[in-house]
J.: 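Dropping the structure in here first, questions after.
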Amino acid sequence: MGLFSCRNIGIFWSCIILGVSYFLYTPVPDGFAEPWKLRTVLASFKVVGLLGAISEKLGYDSSLNVTRKLAKLALGSEIFSKNDPELEVKDTLFDGVPVRIYKPVNIKTPAAGLVFYHGGGWVMLSVDTYDIFTSFLAKKANIIVISVEYRLAPEHPFPIPFDDCVTATLHLLQNSEKYGVDPTRVAIGGDSAGGNLAAAVSQRLAIEPESFVSKPKLQLLIYPCLQATDFNLPSYLQNNGMGGALTKRMMIRFWMNYIGLKNVSVDDYYFFNNFHTTSFVKQSEYGAYTNVKLLPANIQNQALKFENRDEDTNYELAAKIEDTILNPYFAPLMAQDLSKAPPAYIMNAEFDVLRDDGLLYGERLRQAGVRVHEHNVRHAFHGFITPIGPSETLRYKLGLKVLDEICQYLKRKL
Ligand SMILES: *[C@@H]1O[C@H](CO)[C@@H](O)[C@H](O)[C@H]1NC(C)=O
Ligand SMILES: *[C@@H]1O[C@H](CO)[C@@H](O)[C@H](O)[C@H]1NC(C)=O
């Protein structure tokens, strides 16, 4: 019998199919909402990751650029809002920063507004890939949404993305009449890295003189990332690899790109173990801002123990990044005084490595006397609220439900 007999070919293909299924299958722990949709998304992450790695090996393009292009292809190749009869959509510049304005056609002006910063780890995604999401917000909450195309890291590291967001937001607040927006009814918001930017811009605008600009009425933080000093908070330890929607490694890479650190793979071991900050910082007020004692008791009780071995600190790295990671415009949880921040809506997902960033920020805001509406969503994971494609079948039902609640909240509060 020859090597290429039917039987061998059958075995060959069975092995390939089994191998591919094994590669694509990600176990999702019990309790996750809509596990099969999540598995589909995670499988596509794996394919994108593999294509990126191959492309980088072949010297064709960086894995990040491949990821960006594939995300654009999957999510932003068609701008649905431009043909939406319920919306008037306009691309323009706010002091040089590109924005897209979504205005419901029947809205009475001056209307409430939301300045929105998209997620994507500061390194990818765009106004286009968020088009379905921002259209939905505008229509459902009946508000004018301004989606900001801030520049991305690592080509444009901190503070460039943050500065772009500040510039665009100030432009709206100072020229609100021109856009039909009531400056006293403006919220700023974002998800994930966009939630980081929304919290940071909220802090930045809080120091603007009252006479110069009217302050945002509300900050909307959807599973935000808010600190880069402690990568071993309970949520990082409990949820790393859980479902894999956002892993600790991915989050560390995002932060490193946002800092503008090159040589990413060389350094992430230090971040993994919190060897990227000194014991001086850990014992300072900055360390206190990530103290697990600020978290709800049930989380403190279940927290896995993480031991900090200070002798392994990378002092050179720590010195290089310290100013940045303690800067509250980079990591909003590092702010000393939060009392002037606007009221906050914070949504945290149960199975998210970032859950405790949001919980800590909520607690710190409350302690500073700021009103906080905290929405902790059980069974949810990072990214569950944003559409994962134009097709309805690939939407998470839980995400649509929570998004609807957010829209009702915005309607009530603005
Ligand atoms: C992505 O591609 C652009 C254009 O070719 C290039 O300027 C940029 O450096 C690339 N970025 C990364 C992270 O590879
Ligand atoms: C980057 O990595 C290379 C080799 O891995 C090393 O020689 C170089 O010093 C590193 N640069 C920085 C800025 O860490």
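Count residues from 1 along the sequence.
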J.: Can you tell me how far SG of Cys407 sits from CG of Leu410, rounded to the nearest 0.5 angstrom?
T.: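 Nearest 0.5 Å value for the CG-SG distance: 6.0 Å.
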
J.: I'd like to know if the side chain of Asn232 pairs up with that of Lys248 as donor and acceptor (distance under 3.5 Å, no hydrogens or angles considered).
T.: yes

J.: Has Glu86 got a side-chain atom pairing as donor or acceptor with Val105's backbone, closer than 3.5 angstrom?
T.: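 Not a single qualifying donor-acceptor pair exists.
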
J.: Under a 3.5 Å cutoff, is there a donor and acceptor pairing between the side chains of Tyr223 and Ser192?
T.: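 No, Ser192 and Tyr223 have no side-chain donor paired with an acceptor closer than 3.5 Å.
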
J.: Any Lys/Arg nitrogen of Lys82 or Asp131 sitting under 4.0 Å from an Asp/Glu carboxylate oxygen of the other?
T.: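 Answer for the salt bridge query: no.
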
J.: Taking the side chain from Lys217 and the backbone from Leu414, do they hold a donor-acceptor pair closer than 3.5 Å?
T.: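 Side chain of Lys217 to backbone of Leu414: no pair is present.
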
J.: Does CG in Asn106 sit with more than 12 non-hydrogen atoms of other residues, nucleotides or ligands closer than 6.0 Å?
T.: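 For Asn106, atom CG is not crowded (no more than 12 foreign heavy atoms under 6.0 Å).
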
J.: Could you give all pairs that pass the salt bridge (charged side-chain N to carboxylate O under 4.0 Å, His left out) test and reach residues 181-198, with sequence neighbours left out?
T.: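 Matches after skipping sequence neighbours: Asp182-Arg185.
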
J.: Start with the C-alpha distance between Val353 and His382, add both sets of side-chain angles, then the distance that settles side-chain contact (heavy atoms from CB on, under 4.5 Å), and finish with yes or no.
T.: CA-CA 8 Å; Val353 290; His382 198 79; over 6 Å; no

J.: Would you check if there is a donor-acceptor pair between the side chains of Tyr117 and Ser147 at a distance under 3.5 Å?
T.: no

J.: Using atom types as modelled and distance alone, determine if a side-chain donor or acceptor of Glu374 lies under 3.5 Å from a backbone N or O of Ile346.
T.: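 No, the answer is negative, given that no donor and acceptor are paired below the 3.5 Å cut-off.
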
J.: How far apart are the closest heavy atoms of Pro216 and Leu205, and which atoms are they?
T.: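 Closest approach of Pro216 to Leu205, heavy atoms only: CG-CD1, 3.7 Å.
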
J.: Short question: side chain of Thr129, backbone of Leu125 - any donor-acceptor pair under 3.5 Å?
T.: no

J.: Check whether any side-chain N or O of Gln219 sits under 3.5 Å from a backbone N or O of Pro342 as a donor-acceptor pair, and report yes or no.
T.: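 Checked: pair present.
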
J.: Salt bridge between Glu155 and Arg151, side-chain N to carboxylate O under 4.0 Å?
T.: no

J.: Quick one: does Asp95's side chain have a donor or acceptor within less than 3.5 Å of a partner on Ala168's backbone?
T.: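 The answer is no, because no donor-acceptor pair under 3.5 Å joins these two groups.
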
J.: Going through the checks in order, is the side-chain contact (heavy atoms from CB on, under 4.5 Å) test met by Leu42 and Arg39?
T.: CA-CA 5 Å; Leu42 296 176; Arg39 283 192 190 104; 5.5 Å; no

J.: Please check this pair: side chain of Asn257 against backbone of Arg253, looking for a donor-acceptor N/O pair closer than 3.5 Å.
T.: yes

J.: Mark yes or no for whether Asn314, through its side chain, and Tyr270, through its backbone, hold a donor-acceptor pair below 3.5 Å.
T.: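 No: the side chain of Asn314 does not pair with the backbone of Tyr270.
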
J.: Measure the spacing between OG1 of Thr290 and CG of Asp230 and express it to the nearest 0.5 Å.
T.: 4.5 Å

J.: Strictly below 4.0 Å, N to O, side chains only: are Asp128 and Arg100 in salt-bridge contact?
T.: yes

J.: For Arg371, which residues count as a side-chain contact (heavy atoms from CB on, under 4.5 Å) partner, sequence neighbours excluded?
T.: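 Per chain and number, Arg371 pairs via side-chain contact (heavy atoms from CB on, under 4.5 Å) with Pro343, Lys413.
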
J.: Name the orientation class of the two ring planes belonging to Trp255 and Phe330 (parallel below 30°, tilted from 30 to 60°, perpendicular beyond 60°).
T.: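 Tilted, since the angle between the ring planes falls between 30° and 60°.
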
J.: Could you check whether the rings of Tyr409 and His373 sit parallel, tilted or perpendicular, using 30° and 60° as the cut-offs?
T.: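 Aromatic pair Tyr409/His373 classed tilted.
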
J.: Assess whether a salt bridge exists between Arg204 and Glu208, defined as any Lys/Arg side-chain N lying under 4.0 Å from an Asp/Glu carboxylate O.
T.: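 Yes.
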
J.: Going by the side chain to side chain contact (heavy atoms under 4.5 Å, CB included) test, name the single residue among Leu173, Leu172, Asn175 that passes it with Val181.
T.: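 Among Leu173, Leu172, Asn175, the one that satisfies the side chain to side chain contact (heavy atoms under 4.5 Å, CB included) with Val181 is Leu172.
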
J.: Got a second to check how far Tyr286's OH is from Leu326's CG, nearest 0.5 Å?
T.: 5.5 Å

J.: Step through it carefully: locate the ring centre of His156, locate the ring centre of Tyr150, and say whether they are under 6.0 Å apart.
T.: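 Ring centres of Tyr150 and His156 not closer than 6.0 Å.
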
J.: Quick check for you: to the nearest 0.5 Å, what is the distance between Thr92 atom OG1 and His171 atom NE2?
T.: 7.0 Å

J.: What's the spacing between Ile79 CD1 and Asp91 CG if we round to 0.5 Å?
T.: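 Output value for this atom pair is 8.5 Å.
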
J.: Below 30° counts as parallel, above 60° as perpendicular, anything between as tilted: where do the rings of Tyr236 and Phe231 land?
T.: perpendicular

J.: Return the orientation label for the Tyr396 and Phe381 ring planes: parallel under 30°, perpendicular over 60°, tilted otherwise.
T.: perpendicular

J.: Under 3.5 Å, side chain of Tyr361 to main-chain N/O of Leu221, donor-acceptor pair present?
T.: no

J.: Counting the benzene-type ring for Trp, do Tyr329 and Phe158 have ring centres under 6.0 Å apart?
T.: no

J.: Is there side-chain contact between Ile146 and Leu114, with heavy atoms separated by less than 4.5 Å?
T.: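 They are not in side-chain contact.
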
J.: Cut-off 3.5 Å, side chains only: do Asn273 and Asp312 have a donor facing an acceptor?
T.: no

J.: For the backbone of Glu350 and the side chain of Asn239, can you confirm whether one donor and one acceptor N or O come within less than 3.5 Å of each other?
T.: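 A pair under 3.5 Å: yes.
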
J.: Just verifying a value: how many Å separate Gln203 CD and Leu338 CG, rounded to the nearest 0.5 Å?
T.: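 Going from the CD atom of Gln203 to the CG atom of Leu338 covers 5.5 Å.
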
